[in-house]
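Note sheet for the following structure.
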Amino acid sequence: MSEVTYRIAAIPGDGIGPEVVAAGRRVLDAAAARFGFALEWRELVVGGAAIDAYGVPIRDADLEACRESDAVYLGAVGGPRWDDPNAAVRPEQALFALRGGLELFANLRPVTAEPSLVDASTLRPEVVRGVDLLIVRELTGGLYFGRPSEERRTPEGRVAVDTLWYTEQEIRRVVRLAFELARGRRKRLTSVDKANVLASSRLWRKVVEEVAPEFPDVTFEHRLVDAAAMMLIRDPGSFDVLVTENLFGDILSDEAAMLTGSLGMLPSASVGARRTAHGLHGLYEPIHGSAPDIAGQDRANPIAAILSGAMLLRWSLGRADAAGAIESAVRSALGDGLRTTDLAGVGAGARQVRVLGTRAFTDEVVARVSAGATRGEGPRDDEEIDVATIVATNTLLGMP
Ligand code: IPM
Ligand code: MG
């Protein structure tokens, strides 16, 4: 019997990136073994490591390798070594080359409050309990990609300009995807903008109004970004899906991440319209950064990377079975009181808390995936959107 083999491009990157990618790969391989498929990994040097090795943050050939793979799995890039603001090459440029080059226009950041970790938040448990929201951040437009973006010397001194540019097509495709995702969840969509100030936001609003009639079953609202930032702290449970432009999404997703208490928990998926034989082509990475201060110490929380791997399985490979097993395993480990250093002080009800290093925590997840343990609360399917839905979305978008 020949088993299916999926091809994954792995980018360990910098700082704790290699540690969390190694952890995630072990968990994904365990899931593959249990569910009878194979993963063929191709490891690429990208980010600060690539600047050191090749003088560029990402080589064209490596971008091509990512394009040819079924999915891309990334740790984190960047670090103080490459932080000089005057440097011509920066590790983050690799991220933009990947996002732009692979046309990954939608960044999906689910934020769910893990029941055993509600105490980890700086907010009161009753505010955080039950939070289950999804931020859909536009990823290939706005200030990140608008030109000009430069510093100039003028007779009056230095001037800098960035450009917030959006075409209606760029807005429409990500808004449609967000409506589609809301339809698969609790059917509520919040579009976040700054329409009282920005022309780009007023166009954004018009496009949302134009798309909305296609989704009569989804309730939508517009919210100004400052008010949305406030509401995320005041009543996070009131949100289902949020959709917003690139920079607002960057800021709001870090804010939302803190609802769960640790940045080390949250996965992300970046997807576009391109399909492979198995699902949507995409890039999966933790939302945390490279955390150079704890790199190489076996202290990183691998959960965000592991859960990003589960998203990869679900969205790019169509393996919801294996994805669910991984999510159950993580939940079971947390439910049993196992913690990484960042969560060390967080209680586990009646159970005793045991703090483990990156590798030992990963061992526990691997063991649960292999054994099919569902001692926690079992797979959660709230964030679960099957590939058929995604593919239907893209058909809807009229894209190949
Ligand atoms: C993120 C990060 C990046 C971004 C940085 C590293 C350029 O903050 O993925 O949210 O701003 O997009
Ligand atoms: Mg960010």
Side-chain angles (χ1 to χ4, degrees), residues 11-18 20-21 24 46-51 56-58 63 66 72-85 87-111 133-147 149 162-166 170 174 192 225 228-229 232 242-260 262-272 282-293 295 300-301 304-305 307-308 311-312:
I11 300 179
D14 309 313
I16 58 169
V20 298
V21 163
V46 170
I51 294 179
V56 290
I58 184 167
L63 185 58
C66 289
V72 184
Y73 189 52
L74 186 146
V77 298
R81 276 181 61 173
W82 307 280
D83 258 355
D84 176 4
V89 286
R90 284 174 290 112
E92 292 77 10
Q93 290 163 342
L95 289 180
F96 307 139
L98 285 162
R99 292 169 181 178
L102 303 177
E103 292 179 85
L104 304 172
F105 63 78
N107 181 221
L108 315 181
R109 296 184 165 184
V111 178
L133 58 88
L134 173 68
I135 296 187
V136 181
R137 167 189 176 191
E138 201 291 325
L139 203 59
T140 51
L143 285 166
Y144 280 67
F145 286 84
R147 295 292 174 267
S149 170
D162 291 294
T163 304
L164 208 182
W165 171 283
Y166 269 110
E170 285 173 323
V174 72
V192 178
V225 62
L232 267 175
L242 293 97
V243 63
T244 190
E245 67 92 38
N246 206 339
L247 183 63
F248 295 161
D250 178 46
I251 298 167
L252 291 181
S253 60
D254 268 29
E255 185 192 1
M258 272 298 101
L259 300 170
T260 67
S262 175
L263 220 44
M265 298 288 300
L266 297 179
S268 84
S270 300
V271 297
L283 179 148
Y284 301 83
E285 59 178 318
I287 90 156
H288 64 66
S290 60
D293 51 321
N301 182 344
L307 294 178
S308 297
M311 289 185 92
L312 181 159

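Both ligands and their constituent atoms are indexed starting at 1 by order of listing. Predicted model, so just to flag it, every value in this text is computed and none were measured.
Comparing heavy-atom distances from atom 9 (O) of ligand 1 across H288, E285, R99 singles out R99 as nearest.
Protein heavy atom at the shortest distance from atom 8 (O) of ligand 1 is D250 OD1, 3.3 Å. Among all non-hydrogen protein atoms, the one lying nearest atom 11 (O) of ligand 1 is Y144 OH, 2.6 Å. Of the protein's non-hydrogen atoms, the one nearest atom 1 (C) of ligand 1 is R109 NH2, 3.4 Å. Among all non-hydrogen protein atoms, the one lying nearest atom 7 (C) of ligand 1 is F96 CZ, 3.6 Å.
L263 and M258 get closest at one heavy-atom pair: N-CE, 3.8 Å. Of all the heavy atoms in V89 and Q93, the pair that sits closest is CA-OE1, 3.3 Å.
Checked options D162, N246, D250; the residue passing with Y144 is D250 (criterion: side-chain hydrogen bond (donor to acceptor under 3.5 Å, both in side chains)).
Here the side chain of S290 pairs no donor or acceptor atom with the backbone of G15 at under 3.5 angstrom. Side chain of D14 to main chain of G48: a donor-acceptor pair is present (N/O by atom type, distance under 3.5 Å, no hydrogens or angles). Counting only distance, with no hydrogens or angles, the side chain of T140 and the backbone of R99 share no donor-acceptor pair below 3.5 Å.
For ligand 1, the atoms lying closer than 4.0 Å to a non-hydrogen atom of R137 are 1 (C), 4 (C), 9 (O), 10 (O), 11 (O), 12 (O).
Between E92 and ligand 1, a contact under 3.5 Å exists for no N or O pair.
The Mg ion (ligand 2) has an N, O or S atom of D250 inside 2.8 Å of it.
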